[in-house]
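Here is the structure we will look at, set down as C-alpha coordinates.
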Amino acid sequence: MAIRSNIVGIDSPEALEKALRAAYYLADEGLATAAYLGLALGKPLLLEGAPGVGKTEAAKAIAAVLGRRLIRLQCYEGIDASAALYEWNYPRQMLAIRQAGDDSIDIYGETFLIERPMLAALRAPDSTVLLIDEIDRSDQEFEAFLLEFLSDFQISIPERGTVRAVERPVVVLTSNRTRDLHEALRRRCVYHWIDYPTEEREARIVMLRASSVAEATARAVVAAVGKLRREPLTKAPGIAEAVDWAEAATLLHKGGARWPDAFKRSIGVALKDEEDLHFISPRLDAMLAEATA
(Lines give C-alpha, C1' and ligand atoms only; values in the text may rest on other atoms or scores of the structure.)
Protein backbone atom coordinates (compact mmCIF):
# COMPACT_ATOMS: atom_id res chain seq x y z
CA MET A 1 0.00 0.00 0.00
CA ALA A 2 1.39 3.40 -1.00
CA ILE A 3 1.28 5.81 1.94
CA ARG A 4 0.77 9.48 1.12
CA SER A 5 2.15 11.03 4.31
CA ASN A 6 1.88 14.55 2.94
CA ILE A 7 -1.25 15.75 1.15
CA VAL A 8 -1.00 19.35 -0.12
CA GLY A 9 1.09 20.27 2.89
CA ILE A 10 -1.05 18.35 5.39
CA ASP A 11 1.15 15.89 7.25
CA SER A 12 -0.91 15.13 10.37
CA PRO A 13 -4.50 15.03 11.69
CA GLU A 14 -3.76 18.23 13.59
CA ALA A 15 -2.74 20.00 10.39
CA LEU A 16 -5.92 18.80 8.67
CA GLU A 17 -8.05 19.95 11.60
CA LYS A 18 -6.52 23.41 11.34
CA ALA A 19 -7.04 23.49 7.56
CA LEU A 20 -10.68 22.45 7.93
CA ARG A 21 -11.19 25.21 10.47
CA ALA A 22 -9.86 27.68 7.90
CA ALA A 23 -12.51 26.26 5.53
CA TYR A 24 -15.19 27.08 8.16
CA TYR A 25 -15.60 23.50 9.35
CA LEU A 26 -14.90 22.61 12.99
CA ALA A 27 -13.79 18.98 13.06
CA ASP A 28 -13.06 17.19 16.30
CA GLU A 29 -9.98 15.04 16.78
CA GLY A 30 -11.75 11.82 15.74
CA LEU A 31 -13.02 13.17 12.43
CA ALA A 32 -9.75 14.91 11.59
CA THR A 33 -7.84 11.69 12.28
CA ALA A 34 -10.20 9.51 10.21
CA ALA A 35 -10.14 11.97 7.30
CA TYR A 36 -6.35 12.23 7.40
CA LEU A 37 -5.96 8.44 7.44
CA GLY A 38 -8.37 8.11 4.52
CA LEU A 39 -6.29 10.58 2.51
CA ALA A 40 -2.94 9.14 3.55
CA LEU A 41 -3.91 5.50 2.96
CA GLY A 42 -5.87 6.17 -0.22
CA LYS A 43 -9.01 4.66 1.29
CA PRO A 44 -12.62 5.88 1.04
CA LEU A 45 -13.90 7.71 4.12
CA LEU A 46 -17.26 6.45 5.42
CA LEU A 47 -19.10 8.94 7.63
CA GLU A 48 -22.20 7.82 9.50
CA GLY A 49 -24.47 9.81 11.78
CA ALA A 50 -27.91 11.31 12.22
CA PRO A 51 -29.17 13.69 9.52
CA GLY A 52 -27.84 17.19 10.01
CA VAL A 53 -24.63 16.47 11.93
CA GLY A 54 -22.37 17.74 9.14
CA LYS A 55 -21.39 14.69 7.09
CA THR A 56 -21.93 16.28 3.69
CA GLU A 57 -20.38 19.53 4.88
CA ALA A 58 -17.30 17.57 5.94
CA ALA A 59 -16.87 16.31 2.38
CA LYS A 60 -17.28 19.83 1.02
CA ALA A 61 -14.68 21.15 3.47
CA ILE A 62 -12.21 18.38 2.56
CA ALA A 63 -12.60 19.28 -1.12
CA ALA A 64 -12.02 22.95 -0.27
CA VAL A 65 -8.89 22.13 1.74
CA LEU A 66 -7.50 20.05 -1.14
CA GLY A 67 -8.45 22.70 -3.69
CA ARG A 68 -10.47 20.16 -5.66
CA ARG A 69 -13.87 20.09 -7.33
CA LEU A 70 -16.53 18.20 -5.39
CA ILE A 71 -18.49 15.68 -7.49
CA ARG A 72 -21.67 14.62 -5.67
CA LEU A 73 -23.53 11.40 -6.36
CA GLN A 74 -26.84 11.63 -4.49
CA CYS A 75 -28.13 8.13 -3.80
CA TYR A 76 -31.79 7.16 -3.84
CA GLU A 77 -33.88 4.02 -3.92
CA GLY A 78 -33.53 2.40 -7.34
CA ILE A 79 -30.34 4.18 -8.38
CA ASP A 80 -28.45 2.12 -10.95
CA ALA A 81 -25.07 2.01 -12.64
CA SER A 82 -26.07 4.30 -15.50
CA ALA A 83 -26.84 7.13 -13.08
CA ALA A 84 -23.51 6.62 -11.31
CA LEU A 85 -21.10 5.71 -14.14
CA TYR A 86 -22.05 6.76 -17.67
CA GLU A 87 -24.74 6.73 -20.33
CA TRP A 88 -24.68 6.85 -24.10
CA ASN A 89 -26.37 9.82 -25.73
CA TYR A 90 -28.83 7.78 -27.77
CA PRO A 91 -30.59 10.66 -29.61
CA ARG A 92 -27.23 12.08 -30.64
CA GLN A 93 -26.06 8.66 -31.82
CA MET A 94 -29.18 8.25 -33.98
CA LEU A 95 -28.75 11.72 -35.45
CA ALA A 96 -25.09 11.01 -36.25
CA ILE A 97 -26.00 7.75 -37.98
CA ARG A 98 -28.57 9.50 -40.18
CA GLN A 99 -26.16 12.30 -41.04
CA ALA A 100 -23.35 9.85 -41.86
CA GLY A 101 -25.41 8.06 -44.46
CA ASP A 102 -23.26 5.34 -46.02
CA ASP A 103 -20.09 6.56 -44.29
CA SER A 104 -18.79 4.65 -41.30
CA ILE A 105 -19.00 6.33 -37.91
CA ASP A 106 -17.96 5.38 -34.39
CA ILE A 107 -21.08 5.94 -32.35
CA TYR A 108 -19.20 4.98 -29.19
CA GLY A 109 -16.74 7.82 -29.41
CA GLU A 110 -16.13 10.39 -26.71
CA THR A 111 -18.65 12.76 -28.27
CA PHE A 112 -21.53 10.43 -27.42
CA LEU A 113 -20.46 9.48 -23.89
CA ILE A 114 -22.36 11.13 -21.04
CA GLU A 115 -20.06 11.18 -18.03
CA ARG A 116 -21.61 10.51 -14.61
CA PRO A 117 -19.99 11.15 -11.18
CA MET A 118 -18.01 7.93 -10.70
CA LEU A 119 -16.50 7.98 -14.21
CA ALA A 120 -15.69 11.68 -13.82
CA ALA A 121 -13.80 10.95 -10.58
CA LEU A 122 -11.84 8.11 -12.21
CA ARG A 123 -10.79 10.32 -15.10
CA ALA A 124 -9.66 13.23 -12.92
CA PRO A 125 -8.61 11.71 -9.58
CA ASP A 126 -6.06 14.44 -8.88
CA SER A 127 -8.51 17.32 -9.13
CA THR A 128 -11.78 15.96 -7.72
CA VAL A 129 -13.36 14.61 -4.55
CA LEU A 130 -16.18 12.10 -5.08
CA LEU A 131 -19.02 12.32 -2.56
CA ILE A 132 -21.34 9.30 -2.55
CA ASP A 133 -24.08 10.85 -0.43
CA GLU A 134 -26.58 8.87 1.65
CA ILE A 135 -25.47 5.45 0.43
CA ASP A 136 -28.00 3.88 2.82
CA ARG A 137 -30.82 5.19 0.60
CA SER A 138 -29.70 2.95 -2.27
CA ASP A 139 -30.53 -0.75 -2.43
CA GLN A 140 -28.16 -3.62 -1.73
CA GLU A 141 -27.63 -4.31 -5.45
CA PHE A 142 -26.13 -0.86 -5.95
CA GLU A 143 -24.06 -1.25 -2.80
CA ALA A 144 -22.66 -4.52 -4.18
CA PHE A 145 -21.86 -2.78 -7.46
CA LEU A 146 -19.78 -0.25 -5.51
CA LEU A 147 -17.53 -2.91 -4.00
CA GLU A 148 -15.35 -3.41 -7.08
CA PHE A 149 -15.14 0.31 -7.72
CA LEU A 150 -13.96 1.03 -4.17
CA SER A 151 -11.43 -1.82 -4.31
CA ASP A 152 -9.78 -1.34 -7.71
CA PHE A 153 -11.01 2.12 -8.76
CA GLN A 154 -11.77 0.98 -12.26
CA ILE A 155 -14.85 0.44 -14.38
CA SER A 156 -15.46 -1.49 -17.57
CA ILE A 157 -17.20 0.13 -20.54
CA PRO A 158 -17.91 -2.77 -22.93
CA GLU A 159 -17.69 -0.60 -26.05
CA ARG A 160 -14.47 1.17 -24.99
CA GLY A 161 -12.63 -1.06 -22.50
CA THR A 162 -11.55 -0.56 -18.91
CA VAL A 163 -11.06 2.86 -17.38
CA ARG A 164 -8.61 2.93 -14.47
CA ALA A 165 -7.73 5.82 -12.22
CA VAL A 166 -4.07 6.86 -12.53
CA GLU A 167 -4.08 7.36 -8.76
CA ARG A 168 -6.51 6.51 -6.00
CA PRO A 169 -9.26 9.13 -5.99
CA VAL A 170 -10.50 10.79 -2.82
CA VAL A 171 -13.91 9.30 -1.99
CA VAL A 172 -16.26 10.19 0.86
CA LEU A 173 -19.39 8.15 1.57
CA THR A 174 -22.13 9.27 3.95
CA SER A 175 -24.90 7.28 5.61
CA ASN A 176 -27.79 8.25 7.89
CA ARG A 177 -27.93 4.58 8.95
CA THR A 178 -31.51 4.06 7.85
CA ARG A 179 -30.29 0.54 7.09
CA ASP A 180 -27.13 -1.41 7.85
CA LEU A 181 -24.41 -1.32 5.22
CA HIS A 182 -22.74 -4.55 4.13
CA GLU A 183 -19.61 -5.55 6.02
CA ALA A 184 -17.67 -5.82 2.76
CA LEU A 185 -18.31 -2.15 2.04
CA ARG A 186 -17.23 -1.11 5.53
CA ARG A 187 -13.99 -3.07 5.24
CA ARG A 188 -12.94 -0.99 2.26
CA CYS A 189 -13.27 2.29 4.16
CA VAL A 190 -11.90 4.30 7.02
CA TYR A 191 -14.93 4.69 9.29
CA HIS A 192 -16.06 7.51 11.57
CA TRP A 193 -19.33 8.13 13.40
CA ILE A 194 -20.30 11.81 13.63
CA ASP A 195 -22.49 12.67 16.60
CA TYR A 196 -24.13 15.96 17.45
CA PRO A 197 -21.44 18.28 18.84
CA THR A 198 -21.27 19.44 22.43
CA GLU A 199 -23.08 22.70 23.19
CA GLU A 200 -19.76 24.54 23.38
CA ARG A 201 -18.59 23.26 20.00
CA GLU A 202 -21.96 23.85 18.34
CA ALA A 203 -22.03 27.43 19.60
CA ARG A 204 -18.59 27.93 18.05
CA ILE A 205 -19.88 26.45 14.78
CA VAL A 206 -22.87 28.81 14.77
CA MET A 207 -20.65 31.84 15.34
CA LEU A 208 -18.18 30.64 12.71
CA ARG A 209 -20.82 30.04 10.05
CA ALA A 210 -22.99 33.06 10.96
CA SER A 211 -20.59 35.87 11.72
CA SER A 212 -23.36 38.42 12.38
CA VAL A 213 -24.77 36.39 15.29
CA ALA A 214 -23.85 37.43 18.83
CA GLU A 215 -22.40 34.85 21.20
CA ALA A 216 -25.42 35.06 23.52
CA THR A 217 -27.75 34.39 20.59
CA ALA A 218 -25.66 31.44 19.43
CA ARG A 219 -25.68 29.89 22.89
CA ALA A 220 -29.43 30.42 23.27
CA VAL A 221 -30.10 28.76 19.91
CA VAL A 222 -27.85 25.83 20.76
CA ALA A 223 -29.58 25.36 24.11
CA ALA A 224 -33.02 25.44 22.46
CA VAL A 225 -31.96 23.10 19.65
CA GLY A 226 -30.55 20.68 22.22
CA LYS A 227 -33.93 20.57 23.95
CA LEU A 228 -35.72 20.01 20.64
CA ARG A 229 -33.42 17.09 19.76
CA ARG A 230 -34.45 15.33 22.95
CA GLU A 231 -38.08 15.41 21.86
CA PRO A 232 -39.67 12.64 19.74
CA LEU A 233 -39.74 14.74 16.58
CA THR A 234 -40.11 13.54 13.02
CA LYS A 235 -37.18 15.71 11.93
CA ALA A 236 -34.88 17.00 14.64
CA PRO A 237 -33.01 20.20 13.72
CA GLY A 238 -29.45 19.66 12.55
CA ILE A 239 -26.47 21.96 12.80
CA ALA A 240 -27.43 23.76 9.59
CA GLU A 241 -30.87 24.52 11.07
CA ALA A 242 -29.22 25.86 14.24
CA VAL A 243 -27.11 28.24 12.14
CA ASP A 244 -30.11 29.34 10.08
CA TRP A 245 -32.28 29.83 13.18
CA ALA A 246 -29.64 32.02 14.82
CA GLU A 247 -29.36 34.14 11.66
CA ALA A 248 -33.15 34.38 11.23
CA ALA A 249 -33.77 35.36 14.86
CA THR A 250 -30.98 37.94 14.69
CA LEU A 251 -32.52 39.41 11.54
CA LEU A 252 -35.94 39.74 13.23
CA HIS A 253 -34.36 41.21 16.36
CA LYS A 254 -32.59 43.88 14.30
CA GLY A 255 -36.00 44.64 12.78
CA GLY A 256 -37.51 45.30 16.20
CA ALA A 257 -38.62 41.90 17.52
CA ARG A 258 -37.74 41.32 21.17
CA TRP A 259 -36.12 38.23 22.67
CA PRO A 260 -37.30 35.49 22.94
CA ASP A 261 -40.14 36.40 20.55
CA ALA A 262 -37.61 36.62 17.70
CA PHE A 263 -36.80 32.94 18.26
CA LYS A 264 -40.47 31.94 18.40
CA ARG A 265 -41.41 33.80 15.23
CA SER A 266 -38.55 32.18 13.28
CA ILE A 267 -39.19 28.63 14.54
CA GLY A 268 -40.05 27.53 10.99
CA VAL A 269 -36.36 27.79 10.15
CA ALA A 270 -35.57 25.11 12.76
CA LEU A 271 -38.63 22.84 12.61
CA LYS A 272 -39.95 21.99 9.17
CA ASP A 273 -42.74 19.52 9.85
CA GLU A 274 -46.32 20.50 10.70
CA GLU A 275 -46.73 17.68 13.24
CA ASP A 276 -43.50 18.67 14.98
CA LEU A 277 -44.62 22.29 15.21
CA HIS A 278 -48.00 21.23 16.60
CA PHE A 279 -46.35 18.90 19.13
CA ILE A 280 -43.89 21.52 20.41
CA SER A 281 -46.22 24.53 20.33
CA PRO A 282 -47.72 24.19 23.85
CA ARG A 283 -44.23 24.11 25.45
CA LEU A 284 -42.32 26.37 23.09
CA ASP A 285 -42.61 29.55 25.18
CA ALA A 286 -41.28 27.88 28.31
CA MET A 287 -38.54 26.12 26.31
CA LEU A 288 -37.34 29.38 24.74
CA ALA A 289 -37.55 31.31 28.00
CA GLU A 290 -35.33 28.73 29.64
CA ALA A 291 -32.89 28.72 26.73
CA THR A 292 -32.52 32.51 26.73
CA ALA A 293 -32.34 32.89 30.52
Side-chain angles (χ1 to χ4, degrees), residues 1-8 10 16 33-48 55-56 58-60 62-63 65-89 108-110 112-175 177 179-192:
M1 179 186 297
I3 305 296
R4 296 178 292 188
S5 59
N6 189 298
I7 308 100
V8 294
I10 297 170
L16 180 57
T33 301
Y36 171 75
L37 291 176
L39 293 172
L41 300 175
K43 285 181 169 290
L45 174 64
L46 172 58
L47 300 176
E48 278 196 320
K55 302 183 296 296
T56 300
K60 292 179 180 179
I62 290 171
V65 165
L66 298 178
R68 299 184 177 192
R69 176 170 63 99
L70 182 75
I71 301 175
R72 182 174 181 174
L73 173 60
Q74 178 63 53
C75 296
Y76 53 88
E77 185 177 355
I79 188 173
D80 58 12
S82 62
L85 292 177
Y86 68 91
E87 289 183 287
W88 292 111
N89 191 328
Y108 295 111
E110 185 68 28
F112 306 102
L113 184 64
I114 302 175
E115 195 176 69
R116 298 304 184 197
M118 289 169 63
L119 177 58
L122 286 185
R123 288 174 138 185
D126 59 343
S127 61
T128 60
V129 172
L130 175 62
L131 169 61
I132 303 176
D133 213 10
E134 297 184 319
I135 181 61
D136 54 317
R137 288 180 177 268
S138 67
D139 52 35
Q140 294 182 350
E141 288 75 14
F142 183 75
E143 186 180 334
F145 155 76
L146 279 178
L147 295 180
E148 182 179 358
F149 175 82
L150 296 178
S151 293
D152 304 325
F153 291 109
Q154 67 178 36
I155 61 170
S156 177
I157 302 177
E159 300 85 357
R160 293 172 64 92
T162 300
V163 178
R164 296 181 179 87
V166 294
E167 64 177 71
R168 298 179 76 85
V170 176
V171 181
V172 180
L173 300 94
T174 72
S175 168
R177 208 166 189 176
R179 69 171 178 85
D180 288 334
L181 301 180
H182 196 281
E183 183 63 27
L185 179 66
R186 294 179 180 276
R187 285 200 306 268
R188 286 160 170 77
C189 303
V190 176
Y191 175 83
H192 183 69

Neighbour count >12 (heavy atoms, 6.0 Å) for atom [atom1], [X]:
{"X": "Gln140", "atom1": "CD", "result": "no"}
{"X": "Arg186", "atom1": "CZ", "result": "yes"}
{"X": "Glu77", "atom1": "CD", "result": "no"}

Evaluation steps, side-chain contact (heavy atoms from CB on, under 4.5 Å), between Val190 and His192: CA-CA 7 Å; Val190 176; His192 183 69; over 6 Å; no
[X] [atom1] to [Y] [atom2] distance, which is reported to the nearest 0.5 Å:
{"X": "Tyr86", "Y": "Ile114", "atom1": "OH", "atom2": "CD1", "answer": "12.0 Å"}
{"X": "Ile79", "Y": "Leu73", "atom1": "CD1", "atom2": "CG", "answer": "4.5 Å"}
{"X": "Leu146", "Y": "Met118", "atom1": "CG", "atom2": "CE", "answer": "5.0 Å"}
{"X": "Glu148", "Y": "Ile155", "atom1": "CD", "atom2": "CD1", "answer": "10.0 Å"}
{"X": "Arg187", "Y": "Leu46", "atom1": "CZ", "atom2": "CG", "answer": "13.5 Å"}
{"X": "Gln74", "Y": "Leu131", "atom1": "CD", "atom2": "CG", "answer": "8.0 Å"}

Leu39 and Ile10: CA distance, side-chain angles, deciding distance, side-chain contact (heavy atoms from CB on, under 4.5 Å) verdict: CA-CA 10 Å; Leu39 293 172; Ile10 297 170; 5.7 Å; no
What are the two closest non-hydrogen atoms of [X] and [Y], and how far apart are they?
{"X": "Leu47", "Y": "Lys55", "result": "O-CD, 3.5 Å"}
{"X": "Thr128", "Y": "Ala121", "result": "OG1-CA, 3.8 Å"}
{"X": "Ile135", "Y": "Ser175", "result": "CG2-CB, 4.0 Å"}
{"X": "Ala59", "Y": "Leu70", "result": "O-CD1, 4.0 Å"}
{"X": "Pro169", "Y": "Ala165", "result": "CD-CB, 4.1 Å"}

Side chain to side chain donor-acceptor pair (under 3.5 Å) against Asp80, all qualifying residues, sequence neighbours excluded: Ser82
Got a donor-acceptor contact below 3.5 angstrom from the [X] side chain to the [Y] backbone?
{"X": "Arg179", "Y": "Ser138", "answer": "yes"}
{"X": "Thr174", "Y": "Glu134", "answer": "yes"}
{"X": "Glu143", "Y": "His182", "answer": "yes"}
{"X": "Arg116", "Y": "Ala81", "answer": "no"}

Trace of the side chain to side chain donor-acceptor pair (under 3.5 Å) decision for Arg188 with Ser151: CA-CA 7 Å; Arg188 286 160 170 77; Ser151 293; 2.4 Å; yes
From CA spacing to verdict: side-chain contact (heavy atoms from CB on, under 4.5 Å), Arg72, Thr56: CA-CA 10 Å; Arg72 182 174 181 174; Thr56 300; 4.1 Å; yes
Residues Phe153, Leu130; criterion side-chain contact (heavy atoms from CB on, under 4.5 Å); working and verdict: CA-CA 12 Å; Phe153 291 109; Leu130 175 62; over 6 Å; no
Phe145 and Phe142 aromatic ring geometry - parallel, tilted or perpendicular at 30°/60° bounds: tilted
